[in-house]
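These numbers were taken from a predicted model, which means no experiment stands behind them. Quick note: numbers below take in every heavy atom, side chains included, and nothing from hydrogens, waters or symmetry partners. One-based numbering, in listed order, for ligands and for the atoms of each.
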Amino acid sequence: MPRAADLIIRNIGQLLTLRVLPERPGRPAGADGVGATEPGWLGLIEDAVVAVRNGCVLAAGSRTDVEPHLAEKQDTVVIDAAGGVVSPGLVDPHTHLLFAGWREAEFALRLEGRTYLEILASGGGILSSVARFRAAADEELLSWGRSALDRMLLSGTTTVEAKTGYGLVAAQELRALRLYRRLGAEHPVTVVSTFLGAHAVPAEYRNRPGAAAAYLDEVCLPLLPKIAGDGLAEFCDVFCEAGVFGVAESRRLLTEAARLGLPVKLHADEFEPTGGAELAAELGAVSADHLARASDRGLEAMARAGVTAVLLPVTTFTLGLRDYAPARKMLDLGLEVALATDFNPGTSPVESMPLVMGIACRALRLTPAETFRAATVAAARAVGLEGRAGQIQAGVPADLVIFEATDYRQVPYRLGTNLVRTVLKKGKIVVSEGRLRRRR
Ligand code: NIG
Ligand code: FE
């Protein structure tokens with residue numbers, strides 16, 4: 001019996017489902033120069049149709065397979081994809097969303113040769129954002145967050161992870177988590193929040209002996225029972241790096257978070273091989289992020305433990321560092337590799353996942369197909385949403401992007417051009433003709 005759809009997307013040139021499909025028999029190898037060479041997990045289907053009902057995907061597949069089983073109601077919305085590419089809504093699994101202002105002066109200082117960690121050690125960097133965050137009113141932060149989420153949505157992102165870490169005192173860290181909850185409730189983009197109280201040692205602790213340990217003991221650790229108990233955050237993260245929080249301190253915080261039921265993540269081995277990747281494996285972290293300088297042993301341990309590697313190539317690019325994360329080695333080891341913007345005022349004032357994907361091809365040597373996996377299903381895994389985001393399949397929320405492109409490889413290839421025309425969130429059109437639909 002044909003099934004009635006609320007919305008149908010027709011005339012899809014290439015549909016990327018990111019689910020493994022049975023091999024189609026009889027497909028001539030190389031016939032179209034695309035399909036035959038694509039990895040099966042991309043789930044690439046040409047001349048495809050997607051149908052939506054009650055906010056979820058009802059059916060997705062080739063026109064000839066799906067169309068005969070669909071019925072249109074009087075009010076079914078029909079979208080013509082004009083031969084374009086449809087992918088799952090992009091998932092950005094690592095951002096510092098709320099920060100109350102840019103840091104262009106620091107950008108200029110770094111161009112003159114000061115390093116990121118030097119600027120932080122002298123009280124600038126993250127700490128200057130902390131001062132501004134603390135001084136900002138809720139309304140100011142909310143309007144900042146809304147416009148950042150709007151720009152992300154316009155670039156195809158439908159789910160975003162958002163970290164605290166510019167409050168660095170109990171009331172301000174809790175405020176950030178409450179604001180994330182409000183933003184997630186009112187904005188179409190799904191917001192997954194992470195407690196990153198251990199982002200830096202705040203200025204008021206700087207002159208104390210054992211400053212990092214004292215800050216963890218007095219601020220971060222005592223907050224964990226409330227955050228875990230009230231479900232205020234979905235993850236606990238730490239900036240584990242020489243000169244910030246060491247491995248022993250990070251272990252102490254994350255072990256306690258995990259004990260209380262908060263899954264953990266780490267900013268690991270961004271600047272120096274600190275042992276962060278090893279710690280992520282030891283703790284069974286959901287993800288370890290950055291990893292530009294992770295040791296081979298650490299990466300092998302992560303692969304054995306099933307920790308997702310979240311790579312942030314725009315950060316490496318912005319900081320002008322030579323070493324990018326060894327993405328090809330990670331893939332060879334069998335690690336799941338995800339990509340994220342790292343959206344923050346210091347190292348990545350960038351909201352666009354397609355831009356990250358484009359840089360990932362050039363700097364990390366990922367293939368275009370690998371960048372789509374890294375920005376969808378792998379990124380969903382990195383935020384605990386495997387099977388609920390990042391894939392197009394029946395029963396999963398209909399978060400979809402239509403790109404104005406005749407081939408999915410154009411998305412990372414056309415660096416800096418926004419090809420996103422239409423975005424669906426839970427089956428609702430939230431971007432159309434490349435513009436936000438007005439929300440009530
Ligand atoms: O992921 N590495 C630490 N945290 C951020 C930067 C935050 C900032 O500079 O404000 C990052 O790059
Ligand atoms: Fe970060």
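- When hydrogens are left out, the protein atom nearest atom 3 (C) of ligand 1 is Phe239 CE2, 3.2 Å; that is the closest non-hydrogen contact.
- A distance-only check finds no donor-acceptor pair linking the side chain of Asp342 to the backbone of Thr315 [under 3.5 Å].
- Side chain of Asp237 to backbone of Leu196: no donor-acceptor contact under 3.5 angstrom is found.
- Counting the atoms of ligand 1 from 1 in the order shown, those under 4.0 Å from a heavy atom of Arg103 are 8 (C), 9 (O), 10 (O).
- The distance from ligand 1 to the heavy atoms of His94 drops below 4.0 Å at these ligand atoms: 1 (O).
- For Tyr166, every heavy-atom contact with ligand 1 shorter than 4.0 Å involves the side chain, none the backbone.
- Among the atoms of His290, no N, O or S atom is found under 2.8 Å from the Fe ion (ligand 2).
- Taking atom 11 (C) of ligand 1 as the reference point, the nearest protein heavy-atom neighbour is Asp342 OD2, 3.1 Å.
- With hydrogens and angles disregarded, no donor-acceptor distance shorter than 3.5 Å links the side chain of Arg110 to the backbone of Ala105.
- Nearest protein heavy-atom neighbour of atom 4 (N) of ligand 1: His199 NE2, 2.9 Å.
- Remark: ligand 1 atoms within the under-4.0 Å shell around heavy atoms of Ile126 are 7 (C), 8 (C), 9 (O), 10 (O).
- Nearest protein neighbour of atom 6 (C) of ligand 1, counting heavy atoms only, is Tyr116 OH, 3.0 Å.
- Geometrically, ligand 1 and Ser129 share no nitrogen or oxygen pair separated by less than 3.5 Å.
- Less than 4.0 angstrom separates some heavy atom of Thr347 from each of these atoms of ligand 1: 6 (C), 11 (C), 12 (O).
- Between His94 and His96, the shortest heavy-atom distance links the atoms NE2-NE2, 3.3 Å.
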Q. Which is it for Tyr215 and Tyr205 under the ring-ring contact (aromatic ring centres under 6.0 Å, His included) test, yes or no, and what are the steps along the way?
A. CA-CA 7 Å; Tyr215 170 65; Tyr205 278 82; 5.5 Å; yes

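- Annotation: Thr315 places no N or O atom under 3.5 Å from an N or O atom of ligand 1; distance criterion only.
- The only option from Leu15, Thr376, Leu18 that meets the side chain to side chain contact (heavy atoms under 4.5 Å, CB included) definition with Ile392 turns out to be Leu15.
- At a cut-off of 2.8 Å, Asp342 coordinates the Fe ion (ligand 2) through an N, O or S atom.
- In this model, a donor atom of one side chain and an acceptor atom of the other lie less than 3.5 Å apart for Glu161 and Thr194.
- Residue-level proximity to ligand 1 for His96 is carried by the side chain, the only part with a heavy atom below 4.0 angstrom.
- For ligand 1, the atoms lying closer than 4.0 Å to a non-hydrogen atom of Glu270 are 2 (N).
- A cation-pi arrangement is absent between Arg134 and Tyr166, since the terminal nitrogen or guanidinium carbon is not both under 6.0 Å from the aromatic centre and inside a 45° cone about the axis.
- Note that Arg19 lies outside the cation-pi zone of Trp41, set by a 6.0 Å cut-off to the ring centre and a 45° limit from the axis.
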